[in-house]
Structure formats: structure tokens, C-alpha cells
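Remarks on the structure that follows.
Quick note on labels: first sequence line is chain A, next is B, and so on, each numbered from 1. In this text, all values refer to a predicted model and were calculated from it rather than measured experimentally.
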2 protein chains.
Amino acid sequence: MSQKQLGIEAGFDPSSASPRMNQYEKGKHHPDATTVAKLCEVLGVPVAYLYCDDDDLARVIANFSKVGEKDRKRILAIVDTVKQS
Amino acid sequence: MSQKQLGIEAGFDPSSASPRMNQYEKGKHHPDATTVAKLCEVLGVPVAYLYCDDDDLARVIANFSKVGEKDRKRILAIVDTVKQS
DNA sequence: TGACTAAGAGCTTCTTAGCTT
DNA sequence: AAGCTAAGAAGCTCTTAGTCA
């Protein structure tokens with residue numbers, strides 16, 4: 001998928017979708033939270049995944065919604081063993 | 001902790017920390033990603049947690065770094081059973 | 001066709017100077 | 001002290017117009 005096409009599918013004005021996406025990808029400008037959410041939806045990635053710098057946690061975020069109900073409950077049972085402060 | 005104090009600890013100019021934080025909390029203005037990261041660091045919350053609208057996944061994100069090494073590996077083993085596309 | 005960039009119009013936030021509880 | 005707001009200064013992005021491979 002081209003930069004331009006991704007922007008168009010995220011709802012950008014088609015006439016400026018190409019430079020806009022390029023400015024984001026090259027780090028010249030930064031998309032706001034709403035724009036990030038739209039791009040993630042098009043790409044099928046959870047927004048939280050982008051804001052995660054722990055590789056292990058990133059794997060969990062990316063796949064949590066794809067595991068079965070039983071496995072989700074097993075994971076929740078594990079994290080719920082943590083003592084709340 | 002006061003709004004002002006939180007902003008100061010995140011590195012804002014003390015003379016404008018109070019209105020800035022208030023504008024964020026009341027939704028008048030929106031902090032950029034760098035600012036969000038600093039505020040999360042002060043609050044001890046993973047940034048990914050804020051960008052998560054799935055309550056179950058939010059619990060996992062909030063506590064993943066607090067479970068023991070053995071349990072982290074158990075969780076990773078579960079999510080790694082998902083077939084990659 | 002697709003990736004990329006400069007420059008300015010337009011829009012947003014940050015700061016100042018307050019008021020209110 | 002803490003929460004909150006208006007309004008302008010300061011800063012950023014979005015659009016236009018274009019180049020390069």
C-alpha cells in the first residue's frame with residue numbers, strides 16, 4: 001500500500017494525503033492522537049502497540065485480542081496475582 | 001499531587017505548569033506524544049495503558065512489567081501460539 | 001506512479017494575567 | 001493554596017506546488 005493510499009483510507013483529503021503521510025513517515029511532522037487512531041485502524045494494529053517500548057509487552061499487545069477466550073482468561077489470572085498498591 | 005506539581009515534575013516551566021495541566025485535564029488543549037510520555041513517567045503508568053480501550057488488555061499492560069520472570073514467559077508462550085499472518 | 005520536500009496559510013498550543021473556590 | 005479561564009504570542013501542521021527516481 002502506498003503512503004498516499006494509506007492516508008486516503010484514513011480519511012485524509014486525497015489532494016494532500018501523499019505529502020502528509022510522507023511528513024509523518026520521515027518525522028518532519030507528527031500526527032495527533034485522532035490521526036494515529038485512524039491510521040492504526042486501517043493498518044489493523046492496536047494503538048497501544050505503537051506506544052510500547054518493551055518488545056515483550058508489544059508482543060502481548062499485538063496478539064492478546066487474537067488468542068482464544070480460555071487463554072485470555074489464563075493471562076488475566078496471571079497478571080491479577082500482582083499485589084495492588 | 002496538584003496539577004501544577006505534576007507539570008513541574010514533568011519538566012514544564014513552573015510559571016505556566018498550572019494552566020497547562022488544567023487545559024489538558026479539561027480537554028481544552030491536547031499534549032503531544034513527548035509530553036504524554038513525561039507525564040506517564042511521573043505517574044508511573046506505561047504510555048500504552050492510556051491508548052488502550054480494551055479493559056482486559058489494559059489490565060495486562062498495567063501489570064505485565066510487575067509479574068515475575070516465570071509468569072512473563074508463561075504469558076509470552078500463550079500469545080506466541082497465535083498464528084502469524 | 002510513488003517518494004519526497006520547501007514554504008506559507010491556517011490552526012493549535014503555551015504563556016500571561018487574571019478570577020474563583 | 002488549588003482549580004480554572006480568556007486572549008494573544010509562539011509554534012506547529014496541512015496544503016500547495018513542485019522535483020526526483
Please evaluate residues A/V42 and A/M1 with respect to the criterion side chain to side chain contact (heavy atoms under 4.5 Å, CB included), reporting the C-alpha separation (whole Å), side-chain torsions for both, the decisive distance (0.1 Å), and the verdict. CA-CA 11 Å; A/V42 174; A/M1 169 145 52; 4.1 Å; yes

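Rounded to whole Å, the distance from CG on A/L39 to P on D/dC14 is 11 Å. The CG-C1' distance, from A/D13 to C/dG10, rounds to 14 Å in whole Å. Taking atom CD of A/Q5 as the reference point, atom P of C/dG2 lies 9 Å away to the nearest angstrom. Atom CD1 in B/I8 sits roughly 15 Å away from atom C1' in C/dT15 (whole-Å rounding). Between the NZ atom of A/K26 and the P atom of C/dA6 there is a distance of 11 Å, rounded to whole Å. Between B/M1 atom CE and D/dG3 atom P there is a gap of 11 Å when expressed in whole angstrom units. Regarding A/M21, its CE atom lies at a distance of 14 Å from the P atom of C/dT5, rounded to whole Å.
In this structure, the separation between CD on A/Q23 and CE on A/M21 is 10.5 Å, given to the nearest 0.5 Å. For the atom pair A/E9 CD and A/S2 OG, the distance stands at 9.0 Å (nearest 0.5 Å). Here the straight-line distance linking atom CG of A/L57 with atom CZ of B/R72 works out to 10.0 Å at 0.5 Å rounding.
For C/dG2, neither phosphate oxygen OP1 nor OP2 lies less than 4.0 angstrom from any side-chain nitrogen or oxygen of A/K4. Of the side-chain N and O atoms in A/Y24, none sit less than 4.0 angstrom from OP1 or OP2 of D/dT13. Residue B/N22 places no side-chain N or O under 4.0 Å from the OP1 or OP2 atom of D/dA2. Contact check, B/R20 against C/dT15: a side-chain N or O comes under 4.0 Å of OP1 or OP2. Phosphate contact (OP1/OP2 of C/dT16, side-chain N/O of B/S15, threshold under 4.0 Å): present.
With hydrogens and angles left out, the side chain of B/H29 and the base of C/dC14 share a donor-acceptor pair within 3.5 Å. A donor-acceptor contact under 3.5 Å links the side chain of B/Q23 to the base of C/dT15.
A/Y51 and B/Y51 have parallel rings, their planes meeting at less than 30° on a 0 to 90° scale where 60° marks the start of perpendicular.
Of all nucleotides listed (D/dA2, D/dT15, C/dT16), C/dT16 comes nearest to the side chain of B/P19. For A/K28, the listed nucleotide lying nearest its side chain is C/dA6; candidates were C/dT16, C/dA6, D/dT15.
In this structure, B/H30 and A/Q3 both approach DNA chain C, and ranking their closest nucleotides by distance from the 5' end singles out A/Q3.
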